[in-house]
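The block underneath contains the structure these notes are about, expressed in C-alpha cells.
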Amino acid sequence: MLVKKPVRNKKKLSSPAPQALWAKMDGGRLLTNESGCHAWVSEKDFARVISGRIAEGDPLFAELSAAGFVRGRMDLDGLAAKWRTRNEHLSYGPGLHIMVLTLRCNHKCLYCQSSAAGEGAKKTDMSLKTALKSVDFAFTSPNPAITIEFQGGEPLLNWGTLTAAVKYARKKAAASKKELKLALVSNFTLMTEEKARFLLENEVSICTSLDGPADLHNRNRIYAAGNSHAGAVKWIKYFQKKHGNQVPEYRIFKSSALLTVSRYSLSRHKEIIDEYVALGLEDIFIRPLAPIGYAKGLWEKIGYTSQEFTAFYGKCLDYILELNRRGIVIREKMASMMLEKILNFREPGYLDARCPCGAAIGQIAYNYNGDLYTCDEGRMVGWEGDDIFRIGNVFKSTLKGALSSPAARACVVSSNLEAQPDCSRCAYKPYCGVCPVFNYEAQGSLWGNMRSNDRCRLFKGVFGVIFSKLRRAGDKEIMEKWTVKNEGR
Amino acid sequence: MRNQKNSTVSVAVSLRDYDLDTIRYAAYASSGAAHVFIRLDKPGSVVAEFTPAGTVTGKAIAASFRAELADEKLREAVSDNNRELREFLVMKALTPEKKQAASPDSCLTAEQEKELEDLIAQVESEIKKDARSGRQEDPLGITKTWEDKYAGKKTRKK
C-alpha cells in the first residue's frame, strides 16, 4: 500500500487547528485525538489550542505537542504506532468463543440476561458432538490466542460435555500451537471437590457471580434449593486457598467474581466492595444491567437510569481509591480496562467498547444447538424468537461464511463510530464502543440514536468519572498501578 | 395532528452561515428530545423543524439547537482541516512496517539469517585477530593469486 505524505504538515498551514475532539469538563476542556492521547486545558487555553496559537516557549507546548495537539510538531510515527497498538485486534479474528453448554439453570435471577430455561429442560443441553464441533470451529480462527468460555444457563448441569470439550480443546491447542485459555462461569451451587480438581488440573479459570452481602445477593439471585450466596462464598474461598498453594504440575488461577448492579445495589456500594475485599478478591467489575433478556420485562422494578448508575459508579470508585490509599489491593475492572486504553494505548480485550464492536469479528457465541451468534447478547435476542444476530451453525458454516454473514456485516457497519453522528464528534471516541444489540433491543435499530441512548449516557458518565479522577495526582498514581498490574495478567 | 403541528418549532438557517452537514449534526444533537425534520426552504436556506418527543419544550430545543450550531461549526472546521492528516495516520498505522527482506533465493527465516550474520561476524573477527597476532602463515601460498604465483614462470615447451 502506498503511503501518501501529508503535505499540510510540512508546509505553512492555512488553518493550524490540531486534530482534536473535546468535551467540557470541570470548568475546562478535555482534549483527545485519534491516537488516544489526551490533555486538559482551561477554556482560555482551549481557544488558543484550537486556533493553533501554541508556539514553542509556551508553557503548554511540551505537553500538547507530545500528545499530538500542535500541528507541525507531531510525531507521526509515534502517533501512528499508538493507533496501531490500540487497534491491533482488527487483524486477529475472533479470539473469544462463548459456548453455551445448556440453557438450564437452577437459579431464577431477577436480571437474568442469559435467558435460562428450567432445570428439567434437558433438550437445551449441548450435545457432545456439537461441543466438539464448536471447539473445532473455534480453532479455525486465525487468532493465535483462543479463549473458550463455558457458560449457560448453569454449565455444571452439563458436566460430561464440559469435561470432554476441555480435554479436546487442550489437544487441539497442542496440535495447532495456539495459546488457549479456558474459562468457566458458574454459580458454584453444583461444584464438588471432584469437579474442582478437574478444573484446576486442566487450568480452567473460574468466575462466579457475587452481588454483595448475603441478603442483597440472594434477593437478586434466587435459588429455591438453598442459599446462593453461601455456595458462591464457600467455593471462592476454596479456589483462593488453592491459588495460594500453587503446585508444580499446573497453574492455579485466582478465581474472580462478577457483580451485576440492580436497583437494590444502588444504596449499598460500601457493603458490596467490603464483601469483595473480605474474600480476598482484588478486582470488582461494577457491571451495569442491560434491558436484555428477562431484565427487559422487569426493568421498572430492578432497572435504573444512566444518571443513577453514574452516581453509584462515582461513589464506588471514590471508596475503592480510599481503600487503595489505606493499602488494600482492590481495582475496579471497568476503570482498569479503560485506563489501559487511555494511559497505555492498548486494547484490553473489552469487546463491548471497541470500534467496531467485538460482535463476530472479536467473539462468537455458540448456542447449545450449534447455532452461531455475533455475541452472547445476540444469542439471547435469538432465544426470544428473533434470530437477527445469528451468523451460522457449526455444522453448516465456515468461519469465513459466518464473518461475512449479513448479521456480522451489519454489526460491524453499525458499530463503526465514524458512521455514528454523535460518536464521530465525541471526546470519548478513542476509548468507547457502541452495542448494536443494545440499540436494537432498546431503540429498535442497530444504529440507535445516541442522544437518547441510555448506554451512551452511561458510558459518558463512567468516562467522566474516570477522567475526573485522572486529573488528581494522588488518584492518578493509584490508577496507573492498576494498569501496571494488567501487564502481569 | 393539529396538536403536533402546534408544538412544532421551526428554525431557519442560512446555508451561507452553516453548511448542510453542520446543520445535520447540530440537529442530531436535539434528536433525543424531539423528532427532527430538515427541509429546503428558499434558495440558500433550510428549515429545521423540531417536534418535542418528551418533556422538553420546543422553545428550549430551538435554543439548544442554535447553541449547538456554533459549536458544531467549530467541530466541523477542525475535523475538515484534519481529515487528510487523520487518514494519513490511519493509513500509516495500517501499513506494515518494512522489514529487511532476505534475498529471494536464501530460503532462510529471519532468525536463521541473523544466526548466519552473527556467525560471519564472529569468523571475520577471529581472522582479524589472527592477522594482528601474526599467526597468519601460508606455507603453500594458498592465499596468493595465480598471477602472484605463476605469472613470472615460463611455460614448458613440448
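In what follows, every chain begins at residue 1, and chains take the letters A, B, ... in the order their sequences are listed. Note that the structure is predicted; figures quoted are calculated from it, not measured.
- Chain B forms the most heavy-atom pairs under 4.5 Å with one residue out of M450(A), R451(A), Q19(A), and that residue is R451(A).
- At a 4.5 Å heavy-atom cutoff, T85(A) makes no contact with chain B through either its backbone or its side chain.
- Only the side chain of E34(A) comes within contact range of chain B, with heavy atoms under 4.5 Å apart.
- For chain B, no part of N453(A) is nearby; none of its heavy atoms comes within less than 4.5 Å.
- In R39(B), the CZ atom is crowded: over 12 heavy atoms of neighbouring residues, nucleotides or ligands sit closer than 6.0 Å.
- Other residues, nucleotides and ligands contribute more than 12 heavy atoms inside 6.0 Å of the CD atom of E43(A).
- Of the possible donor and acceptor atoms, one in the side chain of N143(A) sits under 3.5 Å from a partner among the backbone N and O of G93(A).
- Seen from the ring of F345(A), K82(A) counts as a face-on cation partner, given the 6.0 Å and 45° thresholds.
- The cationic group of R354(A) does not satisfy the cation-pi geometry with Y350(A), failing either the under 6.0 Å distance to the six-membered ring centre or the 45° limit from the ring axis.
- Electrostatic pairing of E418(A) and K429(A) counts as a salt bridge here, judged by a charged N lying under 4.0 Å from a carboxylate O.
- Per-residue heavy-atom pair counts under 4.5 Å with chain B were compared for P18(A), P421(A), S91(A), S424(A), and the maximum is reached by P421(A).
- Only the side chain of Y25(B) has a heavy atom closer than 4.5 Å to any heavy atom of chain A.
- Using a 4.5 Å cut-off between heavy atoms, E76(B) contacts chain A through both its backbone and its side chain.
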